[in-house]
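Inspection log for the structure reproduced underneath, given as structure tokens.
Quick note on labels: first sequence line is chain A, next is B, and so on, each numbered from 1.
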Amino acid sequence: MRVPPPAPPAPTDEQLALRDTARALLSRECPPARVRAAWDEPAEAAAAPPAWVALARAGVVGMTAPERFGGGGLDAPDWALVMEEAGRAALPGPLLETTAVAIPLLAALGGDALCDRWLGGAAAGRAVLAVGLGGAPYVADAARAHLLVLEHAGEVHAVERAAVTLTAQPSVDGARRLARVAWQPSAATCLADGPRAAAQLAAAFDRGALAAAAQLVGVARHLIEATVDYAKVRTQFGRAIGSFQAVKHHLARAHVAIELAWPCVWRAAHAVAGAGADRAIAVSLAKARASAAALGAARAALQCHGAIGYSFEHDLHLWMKRAWTLAAAWGDAAWHTERVAALILDPTSQGPAHA
Amino acid sequence: MRVPPPAPPAPTDEQLALRDTARALLSRECPPARVRAAWDEPAEAAAAPPAWVALARAGVVGMTAPERFGGGGLDAPDWALVMEEAGRAALPGPLLETTAVAIPLLAALGGDALCDRWLGGAAAGRAVLAVGLGGAPYVADAARAHLLVLEHAGEVHAVERAAVTLTAQPSVDGARRLARVAWQPSAATCLADGPRAAAQLAAAFDRGALAAAAQLVGVARHLIEATVDYAKVRTQFGRAIGSFQAVKHHLARAHVAIELAWPCVWRAAHAVAGAGADRAIAVSLAKARASAAALGAARAALQCHGAIGYSFEHDLHLWMKRAWTLAAAWGDAAWHTERVAALILDPTSQGPAHA
Amino acid sequence: MSEARAATGDAATDDAAFRAEARAWLRAHVPRHLPPMGSPEGFAAHVAWERALFDAGWAVPAWPARYGGRDATIAQWLIFEEEYYAAGGPPHVTQNGVSLLAPALFELGTDEQKDRLLRPMAAAEVLWAQGWSEPGAGSDLAAVRSTATRVDGGWRLHGQKTWSTRASFCHAMHGLFRTDPDAPRHKGLTYFLVPLDAPGVRVSGFRRLDGDLDFAEVFLDDVFVPDRDVVGAVGGGWKVAMATTGSERGMILRSPGRFLAAAQRLVELYRRARATASPLDRAAVARAWMDAQAYQHYTWQQAGKLAAGQSVAAESSVAKLAWSELDVAICDAALGVLGPRAELVEGAPDAVDDGAWIKAYQFALAGPIYAGTNEIQLNVVAERLLGLPRE
Amino acid sequence: MSEARAATGDAATDDAAFRAEARAWLRAHVPRHLPPMGSPEGFAAHVAWERALFDAGWAVPAWPARYGGRDATIAQWLIFEEEYYAAGGPPHVTQNGVSLLAPALFELGTDEQKDRLLRPMAAAEVLWAQGWSEPGAGSDLAAVRSTATRVDGGWRLHGQKTWSTRASFCHAMHGLFRTDPDAPRHKGLTYFLVPLDAPGVRVSGFRRLDGDLDFAEVFLDDVFVPDRDVVGAVGGGWKVAMATTGSERGMILRSPGRFLAAAQRLVELYRRARATASPLDRAAVARAWMDAQAYQHYTWQQAGKLAAGQSVAAESSVAKLAWSELDVAICDAALGVLGPRAELVEGAPDAVDDGAWIKAYQFALAGPIYAGTNEIQLNVVAERLLGLPRE
């Protein structure tokens with residue numbers, strides 16, 4: 001800790017082009033109306049998530065899969081940029097779970113048969129993967145998944161949809177489909193145990209937290225951009241409300257928090273890619289800052305919109321609720337702050353168990 | 001806890017008159033120049049604290065002493081109002097220690113001989129009393145005290161100045177004279193031990209915390225009043241700075257915090273007077289809110305003054321530093337929040353030891 | 001509201017008896033769980049409860065008996081509120097009449113209006129919606145553009161109101177209309193009472209943040225209102241609105257009882273969930289509980305000033321800042337304690353307290369916005385209480 | 001500052017070697033403890049250290065070699081700062097020249113000025129004070145009223161400057177004077193260099209918050225300044241000041257190294273004081289440490305943009321908000337950990353770290369005020385980065 005880690009390089013032109021492509025794709029395939037439509041699908045729907053096929057065709061779903069399975073073989077800094085865009089679009093569906101967590105976990109532990117059976121289909125968008133790690137009580141988009149990668153007592157299991165029983169657990173974010181999953185672990189479903197499983201589970205958790213952090217930055221950016229646009233045109237007391245210092249300062253503070261959060265995400269993405277010793281600290285820093293930035297952006301956005309943003313018919317709540325739920329998922333700011341505290345202040349501790 | 005405690009009555013006309021008298025007395029006897037002058041006295045000076053004789057003559061120093069010793073026999077709500085005024089004046093010297101803590105402790109435990117010897121003199125301003133309870137590493141105004149009331153291993157001792165060795169510990173508040181006290185406990189110095197001492201020490205600590213909270217409200221009120229006055233006349237960008245929303249909101253937030261803190265102090269004063277079961281919670285609520293309000297007022301005051309308030313020659317720092325030191329003394333906001341948490345959340349706990 | 005008594009020893013005895021009586025009745029009668037108010041069946045259930053309250057004399061305890069109250073003191077009203085929410089009482093469906101219109105009627109209404117309107121309002125026989133906000137007049141209430149034009153025997157109203165809470169289910173609306181288009185902003189407004197079944201009125205419900213059908217737009221096309229349904233003077237609507245918002249911001253709408261009860265539920269939630277809560281969650285719970293206590297102490301102090309005959313008009317902005325922020329703090333702390341279960345809503349099998357906390361959080365987020373945004377309240381504190389210059 | 005290189009593999013190797021070299025030298029040479037800069041003996045001690053730095057080529061590593069630097073990249077400069085503060089290096093006594101005047105000279109100075117002024121500035125042979133603020137011109141810098149009047153071969157200066165850091169000990173001052181009283185506020189200002197031993201100059205020191213004699217008022221009564229000591233164009237003083245403040249607000253004045261080192265000291269303090277610290281203190285320590293990390297990551301990202309040739313002018317307001325608030329957060333956390341010992345100052349026998357934290361806290365409180373208050377920075381962020389309308 002005494003010597004700060006080397007700085008990650010700035011995004012390359014290729015990386016920025018990747019992000020721009022993802023942004024264009026998502027704004028075409030996942031406009032707000034698609035997000036809103038996802039709220040109205042029945043909770044148990046097994047249909048493909050919105051825009052999933054288009055994202056798969058463009059290589060987004062499989063971007064983390066090895067190239068021999070038709071994947072992009074991208075590393076964390078690349079896919080984190082795409083996750084930010086998914087957050088900005090409030091994309092429904094398990095892109096985080098399938099792409100950032102499950103595909104690399106299967107690729108690392110799945111063995112040839114399982115990888116052959118699932119990874120190509122996942123990259124092509126035919127197979128949706130869901131994830132349930134130990135600390136998380138619910139599995140997102142379990143009803144849509146074809147295969148679930150589940151933790152049980154430190155072991156990693158892969159279980160097909162037909163072998164699990166789901167209890168839908170409606171979330172305040174109607175585009176987020178949670179379920180409690182009941183299933184029977186067995187030798188046949190077990191992919192790994194012991195230290196090998198532990199290392200992969202820890203890495204998978206950090207990838208999930210990183211992806212959530214990246215999405216939260218995107219969610220926060222959208223919230224502030226939409227609110228700035230509104231504050232420029234909405235007038236009260238004969239002035240655009242964005243000319244009032246109180247409104248300016250709310251939005252400026254939210255912007256500063258986002259601007260400070262993103263470099264933490266970027267740094268964490270390199271720590272995840274490099275698998276360095278500081279991965280846990282870097283990821284927790286990123287998730288804590290991104291969670292706080294998104295919650296702050298949601299507060300500022302609603303406050304500056306006023307009553308007009310407090311309506312279900314206005315799109316603002318689609319992003320606000322995503323901010324609330326993603327900020328709590330994969331460890332909230334308090335949990336990650338406590339993990340950092342344990343790692344830097346208690347030299348004998350490895351930090352608390354995963355959220 | 002389920003049934004809220006009865007509300008304390010509003011201050012009576014007599015109480016308000018007492019407060020106004022104290023305010024007038026203090027503004028006459030302790031103008032800012034006296035506070036500043038107290039900084040320049042040598043740390044080991046044994047001279048009477050500023051305005052001490054005048055305060056004693058007016059009955060303030062002895063207001064908590066039984067009437068048979070020439071005291072006022074006032075209860076906590078009365079003397080808390082006077083303590084607020086002492087804070088507003090940034091009064092130097094051990095009014096808190098002598099009047100709120102030591103005199104009642106001596107009266108309760110001292111026995112006739114000791115009370116006869118000291119309480120009349122203390123009420124008359126001839127004898128200054130200092131206090132060192134268990135959790136506090138330093139004794140304020142020990143060098144000026146004639147008698148020190150000290151805690152040792154759960155026992156209460158009374159030790160004359162000549163029997164202690166002092167090591168001055170200069171504080172950032174130059175009008176606050178701290179010392180480490182070395183002394184030899186003996187049967188001759190011991191006033192009480194066991195449960196009787198414990199109960200009196202707990203009550204004494206809560207009186208000290210209450211008095212500090214009341215003073216902090218006074219300190220905070222002065223800081224905001226002085227800053228409001230300045231913000232009305234200081235112009236930048238062609239306007240009084242107090243017309244900018246950012247300045248308004250800084251000061252309004254500070255004012256709201258003070259307005260919420262004072263009723264907590266008032267409630268705690270009644271809890272101290274009534275010795276009800278909720279005394280610890282009420283006092284901790286008051287000290288936590290008053291500490292936070294005073295620190296917030298200090299930040300707002302300095303920020304709104306700008307560089308002009310950042311000078312040693314400006315009086316602002318006399319109050320700011322009092323806010324910092326009193327906020328930390330007698331348990332800071334974090335300590336008192338933890339005490340409340342222990343009392344309301346951990347039903348089996350009596351809360352942590354005193355600060 | 002009846003004259004308050006000083007807190008004498010007799011009053012303290014009376015108050016203890018009052019508390020005991022209220023508690024006994026409430027514990028026996030408060031319904032366990034009502035469906036959300038923003039639905040036809042939920043609204044009906046709340047109306048039924050409110051009528052039961054009225055019949056027992058507890059709907060408006062601080063009102064004069066002639067209007068259905070029991071002449072309770074301010075202190076007793078605060079006590080009742082504490083007991084009401086501690087017993088789990090639901091929000092009042094009559095709120096936009098009792099808390100908003102009634103204070104204005106008490107201050108500026110005619111005797112005829114008071115006699116005609118107050119008792120049915122308190123009895124939940126006539127349910128009132130508010131009609132202040134318009135699409136272009138939210139924070140800036142004086143920007144109201146809906147008009148009322150003088151005709152024989154009354155007025156003809158035109159325009160659009162919005163964010164009118166539960167207007168879809170209510171019988172009447174009270175609000176501001178512009179009667180003099182040439183007068184400056186705050187002048188030229190008049191306060192009207194409008195039956196929502198009058199010809200020319202169309203009410204269109206819409207959903208608030210949590211999806212409940214709790215809001216409505218009200219369109220007025222040549223709606224006749226007789227002179228007797230003007231409150232206060234023609235051109236004096238702003239004064240009426242201020243009489244209303246002054247009490248809305250203050251103690252009437254948000255007495256501490258509701259927050260004390262919520263803070264107590266938070267403490268109980270923490271005790272149940274202690275095992276998975278972090279030290280930061282624990283601190284947030286303690287702080288929020290302390291916030292509620294502080295607001296209680298503040299309110300009782302203000303009540304003491306009111307009882308002593310002092311005005312606390314501008315102080316209502318301090319109260320509004322305090323309760324709106326502590327309500328969010330309580331919910332924030334609860335969501336932190338719940339962690340990954342916080343997002344589960346009503347009906348989710350695993351939802352703790354059937355999703356009440358995420359629901360309450362959404363409701364709490366409206367607090368810093370409605371009844372004058374907190375930014376405006378901070379301006380009021382700075383200008384009216386501290387004397388800082390206007391912008 | 002020399003052209004930055006892209007972060008190639010070669011650069012990474014170079015940077016590692018640069019870091020190793022800097023670390024080795026600093027560990028061998030950084031003085032243990034210097035007296036406060038705001039005293040004659042302290043000032044002299046800091047000047048001596050700065051000269052030793054210069055002689056070893058470390059005073060201004062990012063400057064061109066011809067002015068005493070070593071052509072380091074931005075990345076290397078950030079690395080040097082990290083190592084400098086990690087080794088316990090004191091603040092730079094040359095700061096108000098090197099960090100404030102030099103950027104303006106690099107951007108707008110003549111070659112003659114650069115050749116004449118930069119090397120003695122870096123070598124701590126000529127010590128510079130800033131002369132912007134006046135009693136009536138603090139946040140509102142364009143309200144400057146001190147004047148300069150054209151005379152043969154130069155200008156005659158009149159007026160008063162204040163909050164001029166350590167001007168009592170410095171040789172010269174740089175600052176804004178009004179050369180055209182009829183021009184609008186921001187126009188008509190010119191940037192001058194003024195020897196503080198010139199006839200007509202009187203410097204009067206005063207103490208800052210912590211009691212150190214670190215401030216001065218500078219009175220100018222008919223002080224002659226030759227034409228060669230005008231920086232930039234006559235009437236172009238605002239542009240020069242902005243070149244200065246742009247870098248003051250940004251990375252140059254407050255690179256992350258200082259805060260990383262402070263955060264590390266905070267962690268070490270907590271480890272020593274763990275037994276008496278509360279859970280809230282622990283959380284505050286972790287958060288402040290995280291704030292410093294986040295600022296480091298932000299700064300490196302900005303450095304990447306600079307290296308890629310992008311402008312980060314308005315972003316310097318983001319940086320200023322971040323570092324000034326995290327500096328306070330670090331000190332707040334430390335004072336919380338210290339509890340009742342926090343108030344002890346330098347010289348108190350029991351003072352932990354000889355009172356460094358309460359001293360640092362007082363210094364940190366200046367951060368949200370100087371170099372443009374944080375309120376003004378928030379306006380800049382809102383208007384220039386978010387595009388919100390001006391008031």
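- Both the backbone and the side chain of B:Arg253 come within contact range of chain C, with heavy atoms under 4.5 Å apart.
- When each of C:Ala286, C:Gly304, C:Gly257, C:Pro389 is checked for heavy-atom pairs under 4.5 Å with chain B, C:Pro389 comes out on top.
- For C:Glu383, the part lying under 4.5 angstrom from a heavy atom of chain B is the side chain only.
- A salt bridge does not link C:Glu268 to C:Arg265: none of the charged nitrogens lies less than 4.0 Å from a carboxylate oxygen.
- The part of C:Leu385 that comes within reach of chain B is its side chain, from C-beta onward, which places non-hydrogen atoms under 4.5 angstrom from that chain.
- For B:Arg23 and B:Glu84, the salt-bridge test fails: no basic side-chain N is under 4.0 Å from an acidic carboxylate O.
- Contact check for B:Arg88 versus B:Leu26: no side-chain heavy atoms found under the 4.5 Å cut-off.
- Both the backbone and the side chain of C:Glu391 come within contact range of chain B, judged by heavy atoms closer than 4.5 Å.
- Using a cut-off of 4.0 Å between Lys/Arg side-chain N and Asp/Glu carboxylate O, C:Glu83 and C:Arg19 are scored as salt-bridged.
- For C:Leu386, the parts lying under 4.5 angstrom from a heavy atom of chain B are both the backbone and the side chain.
- Sorted by first and then second residue, the pairs that involve residues 218-253 of chain B and meet ring-ring contact (aromatic ring centres under 6.0 Å, His included), not counting sequence neighbours, are B:His222-B:Trp319, B:Tyr230-B:His305.
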